[in-house]
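Here is the structure we will look at.
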Amino acid sequence: MSDSDILLRVEGLKMYFPITRGIIFQRRIGDIKAVDGINFFIRRGETLGLVGESGCGKSTTGRAILQLYRPTAGHVYFNDDGEEVDLTTIKGERLRRMRRKMQMIFQDPYASLNPRMTVGNIIGEPLEVHNICRGKERRERVQELLQVVGLNPYFINRYPHEFSGGQRQRIGVARALAVNPSFIVCDEPISALDVSIQAQIINLLEELQEQFGLTYLFIAHDLSVVRHISNRVAVMYLGKIVELTTREELYENPLHPYTQALLSAVPIPDPEVEEKRKRIILEGDVPSPANPPKGCNFNTRCPRVMDICKEIEPEFKDIGGEHFVACHLF
């Protein structure tokens with residue numbers, strides 16, 4: 001694998017939110033460690049699935065990569081035509097220019113579209129912001145984008161409330177595509193939609209990836225969806241990535257006890273296999289990201305916990321074949 005194949009590289013990324021006390025004079029009394037030192041890379045044209053339970057830091061990771069949140073520490077390297085740019089060190093006009101190459105599809109299609117703007121203005125706004133086109137040319141580009149995502153190009157003067165959830169998410173996809181990005185963060189783009197519509201949006205994302213050579217970071221908590229769309233999968237728990245490998249390897253040979261527990265909860269559509277399968281039920285609650293446990297973050301719930309787990313944080317390392325795991329068992 002050459003460095004030119006890697007579009008995005010994340011090193012030691014941390015995103016802490018301060019906990020303050022006091023009304024007038026606010027004192028910082030601690031931090032919520034939403035993302036706590038993670039490392040991974042994404043190759044051009046691939047989809048990396050990021051999974052984990054609610055509140056583990058998946059969406060924060062996506063936003064910190066795009067610099068919607070400025071990270072507390074760490075680096076995000078983006079390959080800009082052969083030159084690696086550290087997004088955490090640039091700002092102003094340089095960052096604005098880089099934003100053309102990175103876009104986001106948001107989780108809630110109801111909240112992410114401005115109800116006072118027409119669909120034409122919503123999709124056309126990025127074209128004006130980045131001085132790509134105006135007037136008649138802009139209108140034609142917006143109609144073309146609506147067609148690309150499977151909507152009627154004559155819907156250009158309608159407002160978001162006139163569309164269903166699935167149609168709104170297609171509008172969100174069209175807006176993300178407007179500036180011809182090479183990398184898109186899909187932040188749980190189907191979790192707010194009906195199951196029947198979810199498959200349509202997933203198929204649309206796959207078709208667009210093939211058509212435009214897009215690279216995705218696909219954030220979700222539905223493991224069966226991630227299995228369908230991703231090339232590689234990263235599993236996140238309490239702000240840290242605990243396992244990262246190819247889709248096939250993760251589902252056939254999960255190593256981390258947390259990954260094994262997650263996969264044991266995914267239903268299998270064969271009643272005979274489902275009956276013989278052993279469920280791994282995790283005890284206790286997820287610790288607070290404001291006060292994570294000493295050592296391994298998962299030690300309070302792990303069925304295979306050892307003494308070393310309570311003292312020393314396991315290293316996130318490659319155990320062979322690009323199968324990364326953070327566990328003292330390996």
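Around atom CD of E283, no more than 12 heavy atoms belonging to other residues, nucleotides or ligands sit under 6.0 Å away. No more than 12 heavy atoms of other residues, nucleotides or ligands shown are found within 6.0 angstrom of CG on D285.
Counting only residues at least two apart or in different chains, side-chain hydrogen bond (donor to acceptor under 3.5 Å, both in side chains) contacts with residues 174-186 comprise R141-N180. The stretch residues 182-210 participates, sequence neighbours left out, in these salt bridge (charged side-chain N to carboxylate O under 4.0 Å, His left out) pairs: K58-E188.
Applying the side-chain contact (heavy atoms from CB on, under 4.5 Å) criterion to K91, with sequence neighbours excluded, gives R70.
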Return all side-chain donor-acceptor pairs below 3.5 angstrom for residues 251-260, not counting sequence neighbours, or 'none' if the list is empty.
from	atom 1	to	atom 2	distance (Å)
Y251	OH	L223	O	2.5
N253	ND2	E249	OE2	3.0
H256	ND1	Y258	N	3.0
H256	NE2	A326	O	3.2
Y258	OH	E53	N	3.4
Y258	OH	E53	OE2	2.6
T259	OG1	E243	OE1	2.8
Q260	NE2	P254	O	3.0
Q260	NE2	L255	O	3.3

Can you give each donor-acceptor pair under 3.5 Å made by side-chain atoms of residues 229-240, sequence neighbours left out, with the distance rounded to 0.1 Å?
from	atom 1	to	atom 2	distance (Å)
S230	OG	G49	N	3.4
S230	OG	V226	O	3.0
N231	OD1	T47	N	2.6
R232	NE	E46	OE1	3.3
R232	NE	E46	OE2	3.2
R232	NH2	F41	O	2.5
R232	NH2	E46	OE2	2.8
K240	NZ	D36	O	3.0
K240	NZ	E313	OE2	3.0

Under 3.5 Å, which donor-acceptor pairs link side chains of residues 197-205 to any protein atom two or more places apart or in another chain?
from	atom 1	to	atom 2	distance (Å)
Q198	NE2	I190	O	3.1
Q198	NE2	L193	O	3.2
Q200	OE1	R170	NH2	3.3
N203	ND2	A199	O	3.3

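Centroid-to-centroid, the aromatic rings of F163 and F155 come within less than 6.0 Å. Taking the six-membered ring for Trp, Y77 and H75 have ring centres closer than 6.0 Å. Ring-centre distance between Y69 and F17: below the 6.0 Å cut-off.
A salt bridge links E311 with K294: at least one charged nitrogen is closer than 4.0 Å to a carboxylate oxygen.
Judged purely by distance below 3.5 Å, without hydrogens or angles, the side chains of R138 and N121 pair a donor atom with an acceptor atom.
In this structure, the side chains of N157 and Y159 stay at 4.5 Å or more apart for every pair of heavy atoms. Under the 4.5 Å side-chain criterion, counting only non-hydrogen atoms from C-beta, V148 is in contact with L208.
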